[in-house]
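Data block below; observations after.
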Amino acid sequence: MKIIFVDQRHGNTRTLVLKGWVKGLLSLCLLGAPVALGYCGYLLAISHNADIVTEETARNWERQIEVQADQLAEIREKSQQHLDALTLRLAMLQARLVRLDAVGERITSIAKLDDGEFDFSQPVPVGGPGIKQPDSYSEAEILSAVDVLERQLQDRQQQLEILENLMLDRQFQSEVVIGGRPVRDGWIASQFGRRPDPFTGRLSFHTGIDFTTGKEGADIITVGSGVVTWSGPRSEYGLMVEVNHGNGMATRYAHAEKLLVEVGDIVKKGQTIALVGSTGRSTGPHVHFEVYKNGRIVDPATYIHRTAR
């Protein structure tokens, strides 16, 4: 092996020839230096890691893992409680919806509405293809189901409110609009208009319709709700009751045997206000029924055959 030395200043060179054991020793040093350096680095790293990963560090990690496990268990428990609460809420909403449907069907039947106008027996019209899902609900699915049920309940509530308004309106119309007969049983003895006077035989104008029951004491009932504006004797009418129904309408019930209401009383349609008699200008027990519209007398026949719509 030759080693050449070069002098940079003067350009001179010198050669050193290595032989035998010197040559072997130099080769060993040159090749073993990197291995030695690498081994020293490895030992240094092990010594540093030994300082970092101590027994205390391992215990700290173990404690952190236990804390995180407890937190995870608490989260799971709260989630399950929340899920159970949502499931209970869903069941309560479903039960409430069933009751609302039953009430709606009952009201629809009582109100005699057209078929299909408020059909609570039919499910909500929905559809479309679907993919089978697991039997259990997720939290998001339960929240969605609760929202759907709340919307359905709101819809049912609105329908019931509309039904209630319709029924109240119909009841109001039925109570206020006059219609029907002033007696439950009996027949018409004399019509409205020109007729022979029962006392003189001469032609006269009959201002109402006479209903007779054949006996005294039968109930005289109102044909509409209103306020009593007269209750007492009145010349040829005998004992008479007058009811103001509003909207310019009024009715009179004359020749009563006994009066059961007083001025200012509020009466309902079909209420008994007097008993059939033969007081005043009368030939026998009957009720003289008159109808006034805006202060003018009209033929009661139009209202006798009327029914509230």
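These numbers come from the heavy atoms of this one structure, side chains and all, not from hydrogens, waters or symmetry mates.
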Close side-chain approach of Phe289 to Thr251, heavy-atom, < 4.5 Å:
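Touching, per the 4.5 Å side-chain cut-off.
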
Euclidean distance, [Y] [atom2] relative to [X] [atom1], rounded to 0.5 Å:
{"X": "Glu216", "Y": "Lys258", "atom1": "CD", "atom2": "NZ", "answer": "13.5 Å"}
{"X": "Asp299", "Y": "Gln191", "atom1": "CG", "atom2": "CD", "answer": "7.5 Å"}
{"X": "Arg234", "Y": "Thr279", "atom1": "CZ", "atom2": "OG1", "answer": "13.5 Å"}

Is a salt bridge present between Arg281 and Asp197, judged by a nitrogen-to-oxygen distance below 4.0 Å?
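Salt bridge present between Arg281 and Asp197.
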
Does a salt bridge link Asp210 with Arg195, judged by any charged N lying under 4.0 Å from a carboxylate O?
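Looking at Arg195 together with Asp210, the answer is yes, because their closest N to O distance falls below 4.0 Å.
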
Run the salt bridge (charged side-chain N to carboxylate O under 4.0 Å, His left out) test against Glu77 and tell me which residues pass, sequence neighbours left out.
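Partners of Glu77 by the salt bridge (charged side-chain N to carboxylate O under 4.0 Å, His left out) criterion come out as none, since no residue qualifies.
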
Between [X] and [Y], is there a donor-acceptor pair closer than 3.5 Å when you use the side chain of the first and the backbone of the second?
{"X": "Asn247", "Y": "Met249", "value": "no"}
{"X": "Ser278", "Y": "Gly284", "value": "yes"}
{"X": "Trp187", "Y": "Ala189", "value": "no"}

Candidate pair Phe205 and Thr207, rule side-chain contact (heavy atoms from CB on, under 4.5 Å), full reasoning
CA-CA 6 Å; Phe205 190 85; Thr207 57; 4.1 Å; yes

How about Asp70: does its CG atom have over 12 heavy atoms from other parts shown lying under 6.0 Å from it?
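For Asp70, atom CG is crowded (more than 12 foreign heavy atoms under 6.0 Å).
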
For atom CZ of Arg296, decide whether the heavy atoms of other residues, nucleotides or ligands shown that lie under 6.0 angstrom number more than 12.
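Result for CZ/Arg296: open.
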
Between Ser231 and Glu262, is any side-chain donor less than 3.5 angstrom from a side-chain acceptor?
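Side-chain D/A pair, Ser231 to Glu262: absent.
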
Would Glu242 and Val263 satisfy side-chain contact (heavy atoms from CB on, under 4.5 Å), going step by step from the backbone distance to the final call?
CA-CA 9 Å; Glu242 180 178 278; Val263 174; over 6 Å; no

Aromatic Tyr237 / basic Arg252 pairing, under 6.0 angstrom, 45° off normal
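Yes, a cation-pi geometry.
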
